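In what follows, a structure is listed as structure tokens, so that the remarks can point back to it.
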2 protein chains.
Amino acid sequence: MNTDYSRAIPEAWQHMSRVFTALGDEHRQRILLTFERGERLNVSQIVAVSTLSRPAVSHHLKILREAGVLGSEKVGKEVFFWVNKPFLAETFDNTRAYLEEHL
Amino acid sequence: MNTDYSRAIPEAWQHMSRVFTALGDEHRQRILLTFERGERLNVSQIVAVSTLSRPAVSHHLKILREAGVLGSEKVGKEVFFWVNKPFLAETFDNTRAYLEEHL
DNA sequence: ACTATATGTCTAGACATTTCGACGTATAGA
DNA sequence: TCTATACGTCGAAATGTCTAGACATATAGT
């Protein structure tokens, strides 16, 4: 039984924590699943297929970006988003490895 | 761009959704990390190392159990919990595979 | 400089989650 | 049956999250 609550949570778990929070919402899951392989979408495109208002979509995109799930780049007037696949893959792999090793 | 919002979300994602929600909370992460390899803990033990009240811990344990993250069994007066490692491993693997295949 | 387009931010209200005390249930032992 | 222990549940209050309108910023074209 590990009673040391003050110890630093493993880095893989810190990443995973934000990913869990970011993807624990159905709207954000749908946004993620809107992307097809290697695709880049701007905000208007995502709003168009969403049932939410633009500010709400912007809010969710911010959470996904800050969690590292999505990357973004501004090109002219538009901001393009894409799935940060290497980050997601690494985070899942790290969590999987931590599970095997400690739990 | 996938615009089909009505289609069924893949089963691996449905599992993962609940796991994300369940583990997207710091208290629940700490509860999970309290367990050591193969360990079974009763509610009182978990409450003892938590900063939360028993009803609050009970609430979080219920969410973790319903998400499949923890298993539980009543033995006499006590209810023991343990980490459902095979389920977690499978869920992470499925999500990892979905990521590679579709995103 | 002016206008239109694309996006982000702020704020208030709506909504959902979390928390804990109080109460109820179940089991074991005297 | 009575008492003590271990849990779960209910309900109200506190807290947190989400949403959308209004406003602000930034870019491109005229």
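Naming convention: chains lettered A, B, ... in sequence-line order (proteins, then strands); numbering from 1 in each chain. These numbers come from a predicted model, not from an experiment.
Distance CG (B/Leu41) to C1' (D/dA6): 15 Å, rounded to an integer number of Å. Look at CD on A/Glu26: it is 12 Å from P on C/dT17, rounded to the nearest Å. Between B/Lys74 atom NZ and D/dC7 atom P the separation is 9 Å, expressed in whole Å. Rounded to an integer number of Å, the gap from A/Phe81 CZ to C/dA6 P is 15 Å. If you take NZ of B/Lys62 and C1' of D/dA6, they are 18 Å apart, rounded to a whole angstrom. Regarding A/Phe80, its CZ atom lies at a distance of 12 Å from the P atom of C/dG8, rounded to whole Å. Rounded to an integer number of Å, the gap from CD1 of A/Ile63 to P of D/dT17 is 9 Å. Between the CG atom of A/Leu70 and the C1' atom of C/dT7 there is a distance of 16 Å, given to the nearest Å.
Distance from the side chain of A/Asp25 is smallest to D/dC18 among C/dT27, D/dC18, D/dA20. Listed candidates were C/dT27, C/dT9, D/dT27. Nearest to the side chain of A/Lys77 is D/dT27. When each of C/dG8, D/dC18, D/dG8 is scored by its nearest atom to the side-chain atoms of A/His59, the top-ranked nucleotide is D/dC18. The nucleotide whose nearest atom lies closest to any side-chain atom of A/Leu52 is, among C/dA6, D/dC18, D/dA20, D/dA20.
Here B/Glu39 contributes atom CD and B/Gln45 contributes atom CD; the two are 7.5 Å apart, rounded to the nearest 0.5 Å. Considering CG of B/Leu103 and CZ of A/Arg37, their distance stands at 8.5 Å, rounded to 0.5 Å.
The side chain of A/His60 contributes an N or O atom lying less than 4.0 Å from OP1 or OP2 of D/dT19. Using a 4.0 Å cut-off, some side-chain N or O of A/His27 falls inside it from OP1 or OP2 of D/dT19. Taking only side-chain nitrogens and oxygens, B/Ser58 comes nearer than 4.0 Å to OP1 or OP2 of D/dG8.
With DNA chain D read from its 5' end, the first of the two nearest nucleotides for A/Gly76 and A/Pro55 is the one closest to A/Pro55. Nucleotides of DNA chain D nearest to A/Arg54 and B/Arg54 differ in position, and the one nearer the 5' end is that of B/Arg54.
Counting non-hydrogen atoms under 4.0 angstrom, A/Arg28 reaches the backbone sugars and phosphates but no base. Note on B/Ser44: only backbone sugar-phosphate atoms sit closer than 4.0 angstrom, heavy atoms only; bases stay farther off.
Closest approach of A/His27 and A/Thr51 over heavy atoms only: CE1-OG1, 4.4 Å.
Remark: of the listed residues A/Thr95, A/Leu88, A/Asn94, A/Leu88 is the sole one forming a side-chain contact (heavy atoms from CB on, under 4.5 Å) with A/Phe92.
Looking at A/Leu70 and A/Phe81, their side chains come closer than 4.5 Å, going by heavy atoms from C-beta outward.
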